[in-house]
Amino acid sequence: MSRNGAFAVAFHTLFVAFMLAPLVVVMWMSLTPSNLLSLPTTSFSLRWFWAILRHSQFIDAFWFSILLGVLSASLAMVLAVPAALALARHRFPGRDAFVALFLSPLIIPHVVLGVAFLRFFTQIGTTGTFIGLLGAHVLVIFPYGLRLVLAALTTSDPAIERAAISLGASQWTVFRRVLFPLMIPGVAGGWVISFIQSFDEVTMTVFVATPSSMTLPVRMYHYIEESIDPLVASVSTVVILLTFLLMAVVDRIYGLDRILVGKG
């Protein structure tokens with residue numbers, strides 16, 4: 001394998017800097033001592049981080065988002081595993097149609113999904129309920145988990161399963177002792193990506209959330225409409241740091257290459 005040249009290294013460096021620049025600006029802006037959104041040029045302050053503790057609505061919304069993300073990601077993976085098994089290990093009429101249906105939330109604008117969910121929940125009488133919000137999040141993040149589980153199954157050799165069956169193992173034993181261990185990287189990676197997507201979802205959630213079931217991104221969105229102080233920047237910085245911490249833990253336990261790329 002040839003080494004990257006100077007041009008490739010420079011291009012990738014600029015690309016990474018371009019992608020990280022908004023995060024750096026937000027984190028830098030959260031350190032300003034000013035009451036307005038401005039970059040700290042002469043002094044730094046943690047006042048806006050301490051201000052988070054005085055706004056209980058952000059803390060409550062954070063824990064609500066954690067609960068919603070954990071439940072929605074777990075339910076999405078419970079549905080994604082059997083769906084991926086059916087799509088990866090069987091050939092049946094309409095298979096391609098099912099693939100397109102399951103992945104369709106990726107291509108439908110979330111504004112359209114939000115309006116559709118709002119109308120649907122209004123008709124069945126579940127507007128503003130946690131169950132409705134949970135179902136909407138599961139539907140939106142389901143394709144992310146499905147894609148990673150499908151990738152894990154595609155790279156595994158079906159001959160291993162047939163060998164276990166030929167040795168007398170039952171279908172449940174094959175799944176529990178052979179197939180599921182091969183799927184764990186995809187399941188773990190799908191859960192993490194699904195959780196992050198659920199936690200970060202705002203466009204669709206704005207339409208179905210209520211004051212009693214408001215996620216952190218929606219709370220931040222409404223706060224920006226009323227105020228322009230750097231409090232939102234400090235909340236965003238905390239979320240960014242927690243996301244980095246989560247990815248570091250996942251990398252330490254499984255390895256990001258193994259989970260997201262299927263390497264190893």
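- A pairwise comparison of heavy atoms in G114 and V208 identifies O-CG1, 4.4 Å as the closest pair.
- Side chain of W48 to main chain of N35: no donor-acceptor pair is present (N/O by atom type, distance under 3.5 Å, no hydrogens or angles).
- The closest side-chain heavy-atom distance from F130 to L68 is below 4.5 Å.
- Of the inter-residue distances, the one linking L103 atom CG with F98 atom CZ reads 13.0 Å to the nearest 0.5 angstrom.
- More than 12 heavy atoms of other residues, nucleotides or ligands shown are found within 6.0 angstrom of OH on Y223.
- With contacts defined as side-chain heavy-atom distances shorter than 4.5 Å, the pair V218/F64 does not qualify.
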query = Do T210 and S213 pass the side-chain hydrogen bond (donor to acceptor under 3.5 Å, both in side chains) test, and can you show the C-alpha distance, the side-chain angles, and the key distance before you say yes or no?
reply = CA-CA 5 Å; T210 62; S213 59; 2.9 Å; yes
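- Residue L146 comes nearest to A84 through the heavy atom pair CD1-N, 3.7 Å, listed as atom of the first residue, atom of the second, then distance.
- Between A8 and H12, the shortest heavy-atom contact is O-ND1, 2.7 Å.
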request  = Starting from the C-alpha separation in whole Å, work towards a yes-or-no answer on side-chain hydrogen bond (donor to acceptor under 3.5 Å, both in side chains) for H137 and S194.
outcome  = CA-CA 9 Å; H137 272 241; S194 298; over 6 Å; no
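- Between S198 and S72, the side chains place a donor N or O and an acceptor N or O closer than 3.5 Å (distance only, hydrogens not considered).
- Residues P82 and V78 approach most closely at CD-O, 2.9 Å, considering heavy atoms.
- Hydrophobic clustering (ILVMFWY, side-chain heavy atoms < 4.5 Å, transitive): Y221 and I196 are in distinct clusters.
- Residues W191 and S74 meet the side-chain proximity criterion, which asks for heavy atoms closer than 4.5 Å.
- Pairing each heavy atom of A73 with each of F195, the nearest pair is CB-N, 3.7 Å.
- For T32 (side chain) and M29 (main-chain N/O), no donor-acceptor pair under 3.5 Å exists by modelled atom type.
- V26 and F62 fall into different hydrophobic clusters, where Ile, Leu, Val, Met, Phe, Trp and Tyr side chains are chained together by heavy-atom contacts under 4.5 Å.
- Judged by distance alone, the side chain of R219 and the main-chain N or O of F58 form no donor-acceptor pair under 3.5 Å.
- For the pair S30 (side chain) and T237 (backbone), a donor-acceptor distance under 3.5 Å is absent.
- Minimum interatomic distance between R91 and R95 (heavy atoms only, all atoms of both residues): NH1-NE, 3.5 Å.
- To the nearest 0.5 Å, atoms OG1 (T215) and CD1 (I66) are separated by 11.5 Å.
- Atom CD1 of residue I52 and atom CZ of residue R54 lie 10.0 Å apart, to the nearest 0.5 angstrom.
- Taking the six-membered ring wherever Trp is involved, the centroid distance between the rings of F207 and F121 does not fall below 6.0 Å.
- Under the 4.5 Å side-chain contact rule for hydrophobic residues, L231 and W28 share a cluster.
- Side chain of Q197 to main chain of F199: no donor-acceptor pair is present (N/O by atom type, distance under 3.5 Å, no hydrogens or angles).
- In this structure, L23 and F244 have side chains that are in contact, with non-hydrogen atoms separated by less than 4.5 Å.
- Atom CD1 of I224 sits about 10.0 Å away from atom CG of D229, to the nearest 0.5 Å.
- Rounding to the nearest 0.5 Å places CG of L216 at 11.5 Å from OG1 of T205.
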